[in-house]
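What follows is one structure encoded as structure tokens, with my remarks underneath.
Residue numbers run from 1 in the order of the sequence given. Indexing begins at 1, ligand by ligand and atom by atom, following the structure's order.
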Amino acid sequence: MTKNNMVIKQDQVQIGNITVRLAKEYEVDANWMGNDISAHQLRASWLRLSQDDLPMNPRLVGKPGVGKTTLAVAVARELNYPVFLMQGTSDTRPDDLIITPVITEGKQISYVASPLVTAMIVGGVCILDEGNRMSEKSWASLASLLDHRRYVDSVIAGIRLHAHKEFRFVTTMNDDSSVYDLPEYIQSRLNPQIFLDFADIETEARIVRYAVPYVEENLLTLLVSFLSIAHKYDETYSVRDGIQIAKYAQRLRSLNKELTLPKALKTSVYSILGEEALKYFPADEQMQNDNNSSRPNLRPV
Ligand SMILES: Nc1ncnc2c1ncn2[C@@H]1O[C@H](COP(=O)(O)OP(=O)(O)OP(=O)(O)O)[C@@H](O)[C@H]1O
Ligand SMILES: [Mg+2]
């Protein structure tokens, strides 16, 4: 029995006379590379420095594909927390964040805990991904969880749930303008902000090589040069785009051995990022030399 007077059995929990099915752990592999400062900041915000101290609820802020989710999962795993990932959208309702009812085959009502509530119960990390897409109404239902109270109320199940001592929370947010501006009382509960930026060129190369182990070294060199030139011109092409581009270019080459490496790369960039991205290619004379392993010119064309 815990503070909530609950009994946890495998994938479900008994709270009073209500049985709630728990969410599954997030199992996808995550390997954080580079920038140890952000990882350090995340570890620090989850610390408790005394018995009565409470962990903080950080938000990871950065452009799409810079590695926010990867960082959160990697640090949580390093600290041996079970990880529960919850996707925020503009349709996420307060109940979706807490407990939802489902009708069983026998026409009974049963209850399902969200990944967030599951993390609260078992003492894991909840990563609320893309939190900036969620409405104020949904965030409001978490206000009590994100301050000293550390509980949520489930209106549907009629119960109050207190977070496990080991429960940790982090939300990720894209800094684009297409999303809700969160009200001050929510923002003030989501601190510290941890800002993530594009990795440096060497780290981007390592990340692409890890995700696409079959990538040819010359293709990788051209690709990361392309990405770094684009970043200098404030394009938000991410390492995720880089991974897709490398995968597609290698596939094109694998089916057609005649296709030169720069051609495969250009086709891939065009297909994934669109025509305007082609202007950030390294100079053509450099591109023509497939076997030149030195770093290509970093000047836009
Ligand atoms: N520093 C990094 N270390 C390891 N992998 C990274 C890093 N940055 C990005 N990646 C890789 O890039 C891809 C995108 O990363 P991730 O999904 O974590 O980005 P994100 O910031 O959460 O994006 P979004 O805002 O779209 O959710 C993943 O495949 C991930 O493996
Ligand atoms: Mg993400």
Side-chain angles (χ1 to χ4, degrees), residues 25-43 45 57-79 81 83-92 97 115-116 119 125-134 168-182 190 192-215 219-220 223-224 226-228 230-231 234-251 268-269 272-273 277:
E25 254 182 73
Y26 182 71
E27 286 171 338
V28 176
D29 179 43
N31 183 13
W32 176 250
M33 286 177 245
N35 194 354
D36 196 44
I37 296 170
S38 315
H40 176 74
Q41 291 173 344
L42 181 54
R43 281 180 215 117
S45 49
N57 306 306
R59 61 183 126 146
L60 300 178
V61 182
K63 302 224 160 13
V66 293
K68 300 180 294 295
T69 308
T70 306
L71 173 68
V73 176
V75 171
R77 295 247 170 86
E78 167 203 304
L79 300 173
Y81 286 108
V83 176
F84 297 89
L85 191 83
M86 170 125 218
Q87 194 66 37
T89 71
S90 51
D91 298 333
T92 303
L97 290 169
L116 171 77
V125 164
C126 171
I127 303 170
L128 182 45
D129 229 352
E130 316 258 1
N132 53 334
R133 299 194 182 276
M134 263 177 24
R168 298 291 185 274
F169 180 88
V170 59
T171 184
T172 73
M173 300 198 172
N174 290 334
D175 54 1
D176 60 42
S177 54
S178 63
V179 292
Y180 293 93
D181 272 333
L182 294 179
L190 298 173
Q193 296 187 70
I194 300 172
F195 298 98
L196 268 75
D197 209 343
F198 294 116
D200 58 45
I201 187 166
E202 282 79 18
T203 309
E204 286 199 332
R206 277 173 55 219
I207 295 168
V208 175
R209 197 182 293 111
Y210 179 81
V212 192
Y214 47 83
V215 69
L219 190 137
L220 185 60
L223 173 61
V224 291
F226 159 78
L227 286 174
S228 78
H231 292 171
D234 281 338
E235 292 288 356
T236 56
Y237 308 145
S238 65
V239 68
R240 178 192 285 135
D241 298 320
I243 291 169
Q244 303 277 344
I245 292 165
K247 283 185 174 169
Y248 189 45
Q250 290 295 170
R251 279 165 169 72
S268 183
V269 166
I272 285 163
L273 298 174

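- For the residue pair Tyr26/Arg77, the side-chain donor-acceptor check at 3.5 Å is not satisfied.
- Results of the side-chain contact (heavy atoms from CB on, under 4.5 Å) test with Cys126 over Leu116, Asn57, Val83 single out Leu116 as the only residue that passes.
- Residue Pro115 comes nearest to Phe84 through the heavy atom pair O-CB, 3.4 Å, listed as atom of the first residue, atom of the second, then distance.
- Taking the side chain as every heavy atom from C-beta outward, Met134 and Leu97 approach each other to under 4.5 Å.
- When all heavy atoms of Leu42 and Leu71 are compared, the closest pair comes out as CD2-O, 4.1 Å.
- Note on the Mg ion (ligand 2): protein N/O/S atoms under 2.8 Å are Thr69 OG1.
- The local environment of CG in Leu79 is crowded, with over 12 non-hydrogen atoms from other residues, nucleotides or ligands closer than 6.0 Å.
- Within 4.0 Å of ligand 1, counting heavy atoms only, the contacting residues are Asn31, Trp32, Met33, Lys63, Pro64, Gly65, Val66, Gly67, Lys68, Thr69, Thr70, Glu130, Asn174, Ile207, Val239, Arg240, Ile243.
- Note on residues 25-39: pairs passing salt bridge (Lys or Arg N to Asp or Glu O under 4.0 Å), not counting sequence neighbours, are Asp36-Arg43.
- Ile245 places a side-chain heavy atom less than 4.5 Å from the side chain of Leu273.
- Legend: residues meeting ring pair (Phe, Tyr, Trp, His ring centres under 6.0 Å) with Tyr248, ordered by chain and number and at least two apart, are absent.
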